[in-house]
Amino acid sequence: MDPRAVGVGLRAPHFAEICERRPALAFLEAHSENFFGDGGTALAWLERIRSLYPLSLHGVGLSLGSCDPLDASHLQRLRRLAARFEPAFVSEHLAWSSAGGVHANDLLPLPLSEEALDHVARRIVQVQEALGRELLVENISSYVRLGPSAMPEWEFVQEVLRRSGCRLLLDVNNVWVNSVNHGFDPHDYIAAIDPTRVAQVHLAGFERTPEALIDTHGAPVSEEVWALYARTLARMGARPTIIEWDAGIPALDVLLGEAERARSMAP
Ligand SMILES: [Fe+2]
């Protein structure tokens with residue numbers, strides 16, 4: 001994919017309008033689990049949209065870092081979806097969301113420990129083998145650290161990439177949110193990531209509360225995040241970028257405006 005490609009998250013309220021207007025977007029990103037069914041209207045829409053645009057598939061339900069066994073049926077459905085839609089990227093989160101078979105409706109942070117690092121890197125290798133293709137992993141936003149940290153988050157992420165052989169979906173908003181919530185310099189994070197391991201970028205909006213920045217995906221990209229995106233591009237060069245918006249989904253034109261701003265910044 002062209003490194004200057006910019007797209008938006010594909011959300012149901014925009015399906016029909018995207019097909020009618022065919023806005024000038026380089027690709028669209030679909031949430032994998034929304035299309036795991038055997039039929040129905042969602043899949044029919046995705047078929048139609050796929051005939052117009054390249055896709056990426058972004059998962060939230062694999063519980064990559066969990067100690068539960070990997071869900072074979074989830075992997076099989078993801079593999080089947082990828083075979084059908086031939087996405088440019090398949091991605092998941094560097095997180096866990098289940099324990100003892102109980103699923104949390106959230107992406108929870110991994111402890112920044114050697115043990116967790118080894119565990120999640122081995123799981124990524126297993127997932128890539130099961131899918132028969134590369135999996136991109138995304139750095140998540142978080143509000144707490146689980147246990148004592150043996151290393152900074154950026155070192156953990158970089159080492160996961162090195163050990164597993166996968167590449168990163170770098171969420172620049174999540175770097176910014178975590179830098180405020182955990183008190184670090186976001187430029188240290190960006191500087192520590194090997195640019196050759198960054199396949200894709202996410203941008204999204206957060207909500208400011210007295211206690212923390214909350215990664216709601218329900219607001220425009222903040223000026224601080226645009227500035228960090230500019231620094232990221234200066235260091236790494238252009239990368240395929242998706243604007244994410246999941247809560248209080250606005251008119252398509254709002255997303256297209258954000259995408260245009262990202263496109264105008266590509267070096
Ligand atoms: Fe993201």
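Values below: all heavy atoms of this structure, side chains included; hydrogens, waters and symmetry mates excluded. The shown structure was predicted, so the numbers you read here are calculated from the model rather than taken from an experiment. One-based numbering, in listed order, for ligands and for the atoms of each.
No side-chain donor-acceptor contact under 3.5 Å links Arg84 to the backbone of Glu47. When atom types are taken as modelled, the side chain of Arg123 and the backbone of Ser63 share a donor-acceptor pair closer than 3.5 angstrom. Without hydrogens or angle criteria, Asp68 side chain to Gly101 main chain gives a donor-acceptor distance under 3.5 Å.
Remark: at the Fe ion (ligand 1), atom ND1 from His202 and atom OD2 from Asp171 enclose 110°, rounded to the nearest 10 degrees.
If you look at Glu244 and ask which of its N, O or S atoms sits nearest the Fe ion (ligand 1), the answer is OE1. When the Fe ion (ligand 1) is compared with the N/O/S atoms of Glu138, atom OE2 turns out nearest.
Ring geometry for Phe27 against Phe89 counts as perpendicular: the plane angle is over 60°, on a 0 to 90° scale with 30° as the lower cut.
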